[in-house]
Amino acid sequence: MLVSHAEARILKRRRRAQHDRLAKEDTDAVRAVCVDRATRIISDKIGAYQACPSAKCRRRRNCIGEQLRCSPIIHAHGKYDIGRTAERIFWDTLDRFDDGRPIEIHAGDGGMA
């Protein structure tokens with residue numbers, strides 16, 4: 001099958017657009033995980049589990065429930081910024097991935113190894 005130069009450019013642009021769309025979906029998924037992790041880290045740090053409506057969190061004495069339950073408690077505390085913490089986790093994760101270092105999230109210590 002012969003393809004003209006113009007058709008080849010169109011196909012190349014379509015492939016690049018599809019790749020960019022998939023990359024954006026992956027980035028959005030990683031960012032969502034980072035926001036969830038940041039919420040849990042901050043929640044554990046300020047002891048939000050004590051006021052959490054989830055009995056699971058109160059029993060375990062750390063955040064294990066849905067992040068939406070903890071967000072109002074964290075915002076009311078006012079000292080920590082979930083977005084900034086999530087952004088640091090996101091870039092740290094990308095740095096680890098680029099360097100070939102393992103990306104592990106430890107549930108017990110509230111941090112990344």
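In this text the structure is predicted, and so the values were computed from the model without any measurement.
Atom NZ in Lys24 sits 9.5 Å away from atom CZ in Arg31 (nearest 0.5 Å). Between the CD1 atom in Ile89 and the CG atom in Leu94 there is a gap of 12.0 Å [rounded to 0.5 Å]. Between Ser43 atom OG and Gln50 atom CD the span is 10.0 Å, to the nearest 0.5 Å. Of the inter-residue distances, the one linking Cys34 atom SG with Ile82 atom CD1 reads 13.0 Å to the nearest 0.5 angstrom. For the atom pair Lys56 NZ and Arg60 CZ, the distance stands at 10.0 Å (nearest 0.5 Å). The CZ atom of Arg37 sits 4.5 Å away from atom CD1 of Ile41, with the distance rounded to the nearest 0.5 Å.
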- Starting from the C-alpha separation in whole Å, work towards a yes-or-no answer on side chain to side chain contact (heavy atoms under 4.5 Å, CB included) for Val30 and Asp26. CA-CA 6 Å; Val30 171; Asp26 289 344; 5.6 Å; no
- Full working for side chain to side chain contact (heavy atoms under 4.5 Å, CB included) between Phe90 and Thr27: CA-CA 9 Å; Phe90 176 77; Thr27 300; 3.9 Å; yes
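Here Arg40 does not pair with Asp44 in a salt bridge; the nearest charged N to carboxylate O distance is not below 4.0 Å. A salt bridge does not link Arg88 with Asp92: every distance from a Lys NZ or Arg NE/NH1/NH2 to an Asp or Glu carboxylate oxygen is 4.0 Å or more.
Arg58 contributes a side-chain N or O that, together with a main-chain N or O of Pro53, makes up a donor-acceptor pair within less than 3.5 Å.
Considering every non-hydrogen atom in both Ile42 and Thr85, the closest pair reads CD1-OG1, 3.6 Å.
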